[in-house]
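We name chains A, B, ... by the order of the sequence lines, and we start the count at 1 in each one.
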2 protein chains.
Amino acid sequence: MNIYSFICFVKPRDEHKIDQIFQATLILVKQKGLAGITMSEIAVAAKIATGTLYIYFESKEKLINELFTQCRKSSVDIYFKDYESSQPFAVGLKRIWFNLLEFRMNHFKESVFMDQCYHSPYITETTKDLTKKMIQPLYKLVERGKAEKELKELDTFMLLIFMVSGINEYVKHSVYSEKKITKASMEDLYNLMWDGIKA
Amino acid sequence: MNIYSFICFVKPRDEHKIDQIFQATLILVKQKGLAGITMSEIAVAAKIATGTLYIYFESKEKLINELFTQCRKSSVDIYFKDYESSQPFAVGLKRIWFNLLEFRMNHFKESVFMDQCYHSPYITETTKDLTKKMIQPLYKLVERGKAEKELKELDTFMLLIFMVSGINEYVKHSVYSEKKITKASMEDLYNLMWDGIKA
DNA sequence: TTTATAAATGAATATTTATTCATTTATTTG
DNA sequence: CAAATAAATGAATAAATATTCATTTATAAA
């Protein structure tokens with residue numbers, strides 16, 4: 001019995017399928033890029049029929065966009081997990097930095113997918129702008145770091161970009177050379193970054 | 001009169017067209033990604049007929065691969081311009097770092113194209129491996145920096161990746177927000193990096 | 001100027017890929 | 001269990017795209 005039963009809608013959608021489709025798409029994009037995926041391949045990888053794909057997503061463009069939206073949402077959730085702007089600056093910074101690293105490590109496929117989408121015909125400028133807006137707290141944090149004389153007096157965007165750029169590249173390298181990322185190496189990378197930005 | 005004339009080959013290829021095709025492809029890939037380009041669009045952008053494209057490149061795959069190879073070659077040429085391993089460590093490091101920055105700035109389209117190719121059905125693992133080999137001198141330089149106690153005693157790849165990662169992201173941001181990169185901001189970024197890695 | 005030849009063209013064709021749809025299957029209520 | 005309904009299927013179709021090819025054009029030597 002559900003909300004629809006009185007008008008006799010039966011056989012509800014298997015909402016689990018959306019996740020199957022998303023996972024299949026992420027795996028394929030990591031393997032061969034956005035340029036290399038087809039709807040029928042996605043269907044095969046998700047273990048459903050091609051037609052079923054169109055019950056859940058009206059077009060390839062919609063599928064890519066909805067997946068992008070979900071990835072962005074989950075990335076931002078992770079970025080700011082356990083972060084409070086009331087924390088001391090250094091604590092908040094370390095918290096967010098390790099969250100960024102965690103996302104790249106544990107959601108590598110999502111990262112690759114989002115990178116690929118950025119230069120693609122699927123994602124609009126509006127969507128890209130929204131992505132920028134969602135990282136505003138990070139921008140605020142850097143401004144605060146400068147105000148509290150904890151950080152060098154440099155352009156906020158330069159500091160921000162510098163802070164996060166090493167993460168992306170380091171995780172990418174580790175994944176492709178199949179090297180494990182240890183707790184010690186995470187700390188090393190953090191210290192490289194910190195020694196760069198500290199006042 | 002050229003080498004072929006005695007066997008009566010006439011109307012030689014316009015070798016300038018290869019460059020037109022490459023430039024058109026780079027512009028299109030920057031605009032809409034590898035997933036968004038078609039052979040006929042490339043032809044239009046290069047101001048030639050679709051069929052002409054196939055006189056110069058036997059397939060789309062070949063075109064992408066040859067463009068990738070040329071981009072890699074020109075990038076490596078620039079990376080090691082005016083660099084001599086006989087220079088003092090700090091001089092060599094700064095030289096290469098600024099060369100990397102120059103490439104990203106003045107060959108932004110090429111950078112975007114190469115990034116996109118990395119996860120694509122066009123570029124083989126062999127090609128990717130070759131790319132890694134070509135940056136060996138950079139790896140050597142970092143090892144030397146550690147030996148001379150100029151750099152922190154950390155994993156060479158971590159140092160290497162940290163050294164270059166800021167460049168990519170900073171140039172990307174500057175291009176998209178249409179901010180000019182000043183000589184001063186280049187120095188700032190270099191110092192952020194240097195303060196991070198120095199012993 | 002003629003001739004030989006390959007480049008250049010772009011419409012036509014082949015191929016690939018997205019999308020639809022007639023049919024079958026599964027689910028839930030009465 | 002029957003009825004009702006949407007999900008699921010995958011072959012068929014439509015649309016997009018890569019590639020070919022018959023024809024025209026341009027070049028350079030004779």
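With sequence neighbours excluded, the residues forming a salt bridge (charged side-chain N to carboxylate O under 4.0 Å, His left out) with A:K94 are A:E187, listed by chain and number. Residues forming a side chain to side chain donor-acceptor pair (under 3.5 Å) with A:K179 (at least two apart in sequence, or on another chain): none. Evaluation of the side-chain contact (heavy atoms from CB on, under 4.5 Å) rule for A:T38 yields A:S40, A:E41 as partners, not counting sequence neighbours. Residues passing the side-chain contact (heavy atoms from CB on, under 4.5 Å) test with B:V171, sequence neighbours excluded: B:L101, B:R104, B:M105, B:F108, B:I167, B:V175, B:I181. With sequence neighbours left out, B:S185 forms a side chain to side chain donor-acceptor pair (under 3.5 Å) with B:T182. Evaluation of the side chain to side chain donor-acceptor pair (under 3.5 Å) rule for B:R144 yields B:E148 as partners, not counting sequence neighbours.
Each end of the helix from C:dT1-D:dA30 to C:dG30-D:dC1 gets its own axis, taken as the rotation carrying the C1' atoms of four end pairs onto the next four within a five-pair window, and the two axes meet at 20° to the nearest 10 degrees.
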Under 3.5 Å, which protein N or O atoms sit close to an N or O of nucleotides 12-14 of chain C? Give each pair with its distance.
none

What N/O pairs connect the protein and nucleotides 21-27 of chain C at under 3.5 Å? Give each pair on its own line.
from: C:dA26; atom 1: O4'; to: A:K11; atom 2: NZ; distance (Å): 3.1

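In the set C:dA8, C:dT19, D:dA8, the nucleotide with an atom closest to the side chain of A:Y56 is D:dA8.
Contacts of A:I48 with the nucleic acid, taken as non-hydrogen atoms under 4.0 Å apart, involve only primed sugar atoms and P, OP1 or OP2. Using a 4.0 Å heavy-atom cutoff across all strands shown, A:F57 reaches no nucleic acid atom at all.
Following rounding to the nearest Å, B:I42 (CD1) and D:dT19 (C1') show an atom-to-atom distance of 13 Å.
Of all the residues in residues 16-40 of chain B, B:I37, B:T38, B:M39 reach under 4.0 Å from DNA chain D with at least one non-hydrogen atom. Near DNA chain C, defined here as any heavy-atom distance below 4.0 Å, there are no residues from residues 114-122 of chain A. At a non-hydrogen distance threshold of 4.0 Å, B:S59, B:K60 from residues 58-71 of chain B come into contact with DNA chain D.
The aromatic rings of B:F80 and B:Y83 sit tilted, their planes meeting at an angle between 30° and 60°.
Geometrically, A:K128 engages A:Y118 in a cation-pi contact defined by less than 6.0 Å to the ring centre and at most 45° from the axis.
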